[in-house]
Protein chains: 2
Amino acid sequence: MLKISELSARTGLSAHTLRFYEKHGLITASDRSEAGYRFYTDADVRRAEFVKTARNSGFSLEDIGQLLSIRVDKLSHSCQEVTDITRLKLDEVNGKIAELQSMQQTLMILLDSCCGGPENATHCSIMEALEEGESRKNAGRETS
Amino acid sequence: MLKISELSARTGLSAHTLRFYEKHGLITASDRSEAGYRFYTDADVRRAEFVKTARNSGFSLEDIGQLLSIRVDKLSHSCQEVTDITRLKLDEVNGKIAELQSMQQTLMILLDSCCGGPENATHCSIMEALEEGESRKNAGRETS
DNA sequence: GTTGACCTTAGACCTAACTCTAAGGTTTAT
DNA sequence: ATAAACCTTAGAGTTAGGTCTAAGGTCAAC
């Protein structure tokens, strides 16, 4: 039975974060002392490590909640459910990458266009490009 | 002289957003009616469009503030200042892309490993991988 | 002369995942 | 028996960029 600081040391998640995860239903202490101190079992440690690994893989806390509910009753859930969550996450990540790559492109073009020297910015081509408003190649964000 | 809704129509930025930008020092109405209505000049429109273009290129509102202060006094600022801001932003974007690509990798490996079929998740290799905790290949986020 | 569309402000709310604080109770070591 | 180090809770604060609401003033049309 570990106290919260001990679980924190084992997992690298701060005690604050562990309480935060508990509030959001991810990790609960299996037991409490009379004074209310949280006590964690080995199973709790494994659950916490699962959460940490999933988080590091890019899953949101909400995703992790779903994965955990599959985890506690694997017989009632299919591989497909697991891959669905994973695929959705991958799509999300791919979308973000595409958006960022579009920005990357824009920024690289801007940088290429400008001398970057000590002369004043009166004819700076980056400023000019931003002034123009590059309607064709925008960074993927829609006009709100 | 345009009212806020007209500037909104010209730029595609909502009136709410325009006021929000004003609060943050990006766009100010050149004039006000007696009743306090904002009135925007052509120069204001160009400034608003500059802000929008910069935002779509990936610059934060803080970056845009810097770019705007260069813009109003180009003689006192160098191309280098402009490229510095741009390069910093590009580095930031590259960093985010790298982080996301690491997650992408992890997720693709997970997806590849699992059949994704209707069988129950008892031996699901995604669940197993998350259970193991892939210490070598993590998604770039540090243990806080 | 009043309806409806527009404008004003200050300030609350949103997401996501923490992070910290205040105010207090517990445990351990000396 | 007391100080240090730990634990508890509820709730506020953080970041970024909006988004929305309430409560009210203004303006144009019919």
Side-chain angles (χ1 to χ4, degrees), chain A residues 1-9 11-29 31-40 48 51-66 68 89 92-93 95-96 99-100 103 139-144, chain B residues 1-9 11-29 31-40 48 51-66 68 89 92-93 95-96 99-100 103 139-144:
Chain A
M1 292 295 224
L2 305 174
K3 281 192 287 187
I4 196 164
S5 62
E6 294 165 332
L7 180 60
S8 170
T11 58
L13 300 165
S14 78
H16 277 306
T17 298
L18 289 167
R19 290 191 201 100
F20 172 77
Y21 284 173
E22 178 173 310
K23 196 157 57 183
H24 290 265
L26 301 183
I27 297 165
T28 318
D31 205 0
R32 292 276 188 140
S33 77
E34 286 207 358
Y37 284 28
R38 288 170 179 80
F39 283 131
Y40 297 95
V51 169
K52 194 190 167 190
T53 304
R55 188 200 66 174
N56 285 343
S57 305
F59 291 104
S60 69
L61 300 192
E62 195 187 333
D63 299 330
I64 295 172
Q66 291 180 48
L68 285 170
K89 182 55 48 180
E92 203 180 303
V93 167
K96 282 186 198 162
E99 213 176 297
L100 285 167
M103 287 180 192
R141 283 161 100 178
E142 262 319 299
T143 293
S144 57
Chain B
M1 294 295 224
L2 305 175
K3 282 192 286 186
I4 196 165
S5 61
E6 294 166 329
L7 180 60
S8 171
T11 59
L13 300 164
S14 79
H16 277 306
T17 297
L18 288 168
R19 290 192 201 97
F20 173 76
Y21 285 173
E22 179 173 307
K23 196 157 59 183
H24 290 264
L26 301 183
I27 297 165
T28 317
D31 206 0
R32 293 275 188 143
S33 77
E34 285 208 0
Y37 283 30
R38 289 170 180 79
F39 283 131
Y40 297 94
V51 169
K52 194 189 169 191
T53 304
R55 189 199 67 175
N56 285 343
S57 305
F59 291 105
S60 69
L61 300 192
E62 196 188 330
D63 300 329
I64 295 172
Q66 292 180 48
L68 285 169
K89 183 55 48 183
E92 204 180 303
V93 167
K96 283 188 197 160
E99 213 175 298
L100 286 167
M103 288 181 190
R141 283 161 100 176
E142 264 319 299
T143 294
S144 53

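Reckoned from all heavy atoms, side chains included, excluding hydrogens, waters and symmetry mates. Labels below follow one simple rule: chain letters A, B, ... track the order of the sequence lines, proteins then strands, and each chain is numbered from 1.
In this structure, the side-chain contact (heavy atoms from CB on, under 4.5 Å) partners of A:Tyr37, at least two apart in sequence or on a different chain, are A:Lys3, A:Ser33, A:Ala35. Not counting sequence neighbours, A:Ala9 has no partner by the side-chain contact (heavy atoms from CB on, under 4.5 Å) test. With sequence neighbours left out, the side-chain contact (heavy atoms from CB on, under 4.5 Å) criterion links B:His16 to B:Ser14, B:Arg19. Remark: A:Glu22 pairs with A:Arg32, A:Arg38 by the side chain to side chain donor-acceptor pair (under 3.5 Å) rule, at least two apart or across chains.
You'll find the side chain of B:Ile4 reaches within 4.5 Å of the side chain of B:Tyr40, heavy atoms only.
Rounded to the nearest 0.5 Å, atoms NZ (B:Lys89) and CE (A:Met103) are 9.0 Å apart.
The terminal axes of the helix from C:dG1-D:dC30 to C:dT30-D:dA1, fitted over 5 pairs per end, subtend an angle of 30° to the nearest 10°.
Looking at B:Glu99 and B:Lys96, no side-chain N of the basic residue comes within less than 4.0 Å of a carboxylate O on the acidic one, giving no salt bridge.
Under 4.0 angstrom from either OP1 or OP2 of D:dT19 there lies at least one side-chain N or O belonging to B:Thr17. Look at B:Tyr21 and you'll find a side-chain N or O under 4.0 angstrom from OP1 or OP2 of D:dG18.
Rounded to a whole Å, the CZ atom of A:Phe20 is 17 Å from the P atom of D:dG13. Atom CG in A:Leu13 sits about 10 Å away from atom P in C:dT19, given to the nearest Å. Atom CG of B:Leu26 and atom C1' of D:dA16 are 13 Å apart (whole Å). With rounding to whole Å, B:Leu61 atom CG is found 14 Å from D:dT19 atom C1'.
Under a 3.5 Å cut-off, the side chain of B:Thr11 and the backbone N or O of B:Leu7 do form a donor-acceptor pair.
Between A:His24 and B:Lys23, it is B:Lys23 whose nearest contact on DNA chain C lies nearer the 5' terminus. Remark on DNA chain D: of its neighbouring residues B:Glu34 and B:Ser60, the 5'-side contact belongs to B:Ser60, judged by nearest-heavy-atom nucleotide.
No engagement by B:Ser33 is indicated, since no non-hydrogen atom pair under 4.0 Å with the nucleic acid exists.
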Short heteroatom pairs, N/O only, protein and nucleotides 6-9 of chain C, under 3.5 Å:
residue: C:dC6; atom: O2; partner: B:Tyr37; partner atom: OH; Å: 3.4
residue: C:dC7; atom: OP1; partner: B:Ser5; partner atom: N; Å: 3.1
residue: C:dC7; atom: OP1; partner: B:Ser5; partner atom: OG; Å: 2.7
residue: C:dT8; atom: OP1; partner: B:Arg38; partner atom: N; Å: 2.8
residue: C:dT8; atom: OP1; partner: B:Arg38; partner atom: NH1; Å: 2.8
residue: C:dT8; atom: OP2; partner: B:Arg19; partner atom: NE; Å: 3.1
residue: C:dT8; atom: OP2; partner: B:Arg19; partner atom: NH2; Å: 3.0
residue: C:dT8; atom: OP2; partner: B:Arg38; partner atom: NH1; Å: 3.3
residue: C:dT8; atom: O5'; partner: B:Arg38; partner atom: NH1; Å: 3.4
residue: C:dT9; atom: OP1; partner: B:Arg32; partner atom: NH1; Å: 3.2
residue: C:dT9; atom: OP1; partner: B:Arg32; partner atom: NH2; Å: 3.3
residue: C:dT9; atom: OP2; partner: B:Arg38; partner atom: NH1; Å: 2.9
residue: C:dT9; atom: OP2; partner: B:Arg38; partner atom: NH2; Å: 2.6

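Considering all non-hydrogen atoms of both residues, A:Leu26 and A:Leu68 come closest at O-CD1, 3.5 Å.
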